[in-house]
Amino acid sequence: MEIQTNVTEFILMGFSHDPHLQIFLFLVFFVIYLITLVGNMVIMLVIRVDPHLHTPMYFFLSHLSFVDICYSSVVVPKMLVNFLAKHKIISVNGCLAQMFFILLLAVTEIFILSAMAYDRYAAICHPLHYVVTMNKRVCSQLVGCSWTMGLLYSLVNTVLVLKLHFCGPNEISHFSCELPLLLQLSCTGTFTNKIALLSSAVILGFSSFLLTLVSYVFIISTILRIHSAKGCHKAFSTCSSHLIVVGLLYMTAIFQYMKPSSITSLVLDELFSIQYSILTTMLNPIIYSLKNKEVKTALRKIVEKNTVCLI
């Protein structure tokens, strides 16, 4: 299937045309991207090296870190190039590829977070059956299901975009190729695309949110029944990092898509996009490393071991 188009490339308008501001933004996002790559790679390395972290929770965390690296790499490198480029262009095929991976990785991430919520539910609410409930096969199936949901979501919406006709204008008022903005540029009707986007987003988004919400309702209910303050704190500490990450993601998404129509601003939309596509991928490893004693302990052991070897 080939896309019908008179447009061969799109122009990503980005943030600003001020050369001095663009250099500053380049440095800021370059540092953010480096922190994202290093932070998530360190998380994956620590989990792989330390046998104590070969548990379901860290299995999901390593996959979340991998998704975050991919998500950030789909968006940020092209943004950095455009900060320094005179002509901020992207080919139609390149734009569609970026859109495909943004959709794929966004949905995969929310379902992995839901799988992590279910894992915490099994650990806290049914600790005696945890090893049986969250065996390797189940964990692999949950991760596979997460990628499958992301692939279905991106395929359905991308295939429908391939049927559109782009004849101009070709300016995208954003730093990346996001589906709603592409639909605005189509010269043909987009009713089917909008229905598919809305229905698939609602079905997948709500199912993921519902699984996470129900898991935490049972988790909080179980924690409140623990009489020991130490036991209560220990139970809550095992899911506090995940709760912070989920809270950041869903609060941003809810405000973005449920804000009043009177609050419309391209700058505000870009800030929300930066939050869930760039900053969240950077903050995830920081939150998990700072809030998790096991990760900090494993990281300290690796650093000490390498230091001794160097000496």
Do the side chains of S154 and F101 get nearer than 4.5 Å, heavy atoms only?
-> no
Share the residues that join L211 in a hydrophobic cluster, the rule being Ile, Leu, Val, Met, Phe, Trp or Tyr side chains under 4.5 Å apart at the heavy-atom level.
-> none
The complete set of disulfide (SG to SG under 2.5 Å) pairs with one or both residues in residues 21-69, sequence neighbours excluded, reads none
Between S114 and T212, is a side chain to side chain donor-acceptor pair (under 3.5 Å) present by the stated rule, with each step listed?
-> CA-CA 5 Å; S114 296; T212 304; 3.0 Å; yes
Could you tell me whether the side chain of N193 and the main chain of L160 form a donor-acceptor pair under 3.5 Å?
-> yes
Using modelled atom types only, decide if a donor and an acceptor are shared between the side chain of S186 and the backbone of L183 within a distance under 3.5 Å.
-> no
Quick check: does any side chain N or O of T158 sit under 3.5 Å from a backbone N or O of L155, one acting as donor and the other as acceptor?
-> no
What side-chain donor-acceptor pairs closer than 3.5 Å can you find for residues 44-52, not counting sequence neighbours?
| unit_1 | atom_1 | unit_2 | atom_2 | d |
| --- | --- | --- | --- | --- |
| D50 | OD1 | H52 | N | 2.8 |
| D50 | OD1 | H52 | ND1 | 3.0 |

State the CD1-CD1 distance between I244 and I286, to the nearest 0.5 angstrom.
-> 12.5 Å
Would you say the side-chain atoms of T280 pair up with the backbone N or O of S277, donor to acceptor, closer than 3.5 Å?
-> no
Report yes or no: does S62 contribute a side-chain atom to a donor-acceptor pair with the main-chain N or O of F59 at less than 3.5 Å?
-> yes
Over 12 foreign heavy atoms within 6.0 Å of OH, Y216 = yes
Sorted by chain and residue number, the disulfide (SG to SG under 2.5 Å) partners of C125 (sequence neighbours excluded) come out as none
May I ask you to list the residues sharing a hydrophobic cluster with V131, side-chain cutoff 4.5 Å, ordered by chain and number?
-> none
For H54, the side chain to side chain donor-acceptor pair (under 3.5 Å) test, sequence neighbours excluded, returns none
Selection residues 127-156 - residue pairs positive for ring-ring contact (aromatic ring centres under 6.0 Å, His included), sequence neighbours left out = none
CG-CD distance between L27 and Q22, expressed to the nearest 0.5 angstrom | 12.0 Å
How far does OG of S240 sit from NE2 of H242, to the nearest 0.5 angstrom?
-> 11.0 Å
Please check if the side chain of S146 supplies one atom and the backbone of L142 the other of a donor-acceptor pair under 3.5 Å.
-> yes
Results of disulfide (SG to SG under 2.5 Å) for C239 - residues two or more places apart only | none
Pairs meeting criterion disulfide (SG to SG under 2.5 Å) with involvement of residues 63-121, two or more places apart | C95-C177
ILVMFWY network linking L37 to V74, side-chain heavy atoms under 4.5 angstrom = yes
What is the distance from atom OG1 of T188 to atom CG of L164, rounded to the nearest 0.5 Å?
-> 4.5 Å
Mind checking side chain to side chain contact (heavy atoms under 4.5 Å, CB included) for E171 and listing every partner two or more places apart, or none if nothing turns up?
-> I11, M13
Counting only heavy atoms not in F29, do more than 12 fall under 6.0 Å of its CZ?
-> yes
When you look at CZ of F26, are more than 12 heavy atoms from neighbouring residues, nucleotides or ligands closer to it than 6.0 Å?
-> yes
Joint cluster assignment, I89 & L185, ILVMFWY side-chain distance < 4.5 Å = no
Can you get from V31 to V38 by hopping between Ile, Leu, Val, Met, Phe, Trp and Tyr side chains that sit under 4.5 Å apart?
-> yes
Distance from I90 atom CD1 to N170 atom CG, nearest 0.5 Å?
-> 12.0 Å
Under 3.5 Å, side chain of N40 to main-chain N/O of T281, donor-acceptor pair present?
-> yes
Test side chain to side chain contact (heavy atoms under 4.5 Å, CB included) applied to V28 - qualifying residues, sequence neighbours left out | F24, I32
State, to 0.1 Å, how close I110 and V107 come at their nearest heavy-atom pair, and which atoms those are.
-> CG1-O, 3.1 Å
Do the two ring centres, one from F10 and one from F166, sit under 6.0 Å apart?
-> yes
The remaining residues in the hydrophobic cluster of I220, counting side-chain heavy-atom contacts under 4.5 Å among Ile, Leu, Val, Met, Phe, Trp and Tyr, are L224
Residues I69, T36; criterion side-chain contact (heavy atoms from CB on, under 4.5 Å); working and verdict | CA-CA 7 Å; I69 289 173; T36 301; 5.5 Å; no
What's the spacing between H174 NE2 and M79 CE if we round to 0.5 Å?
-> 7.5 Å
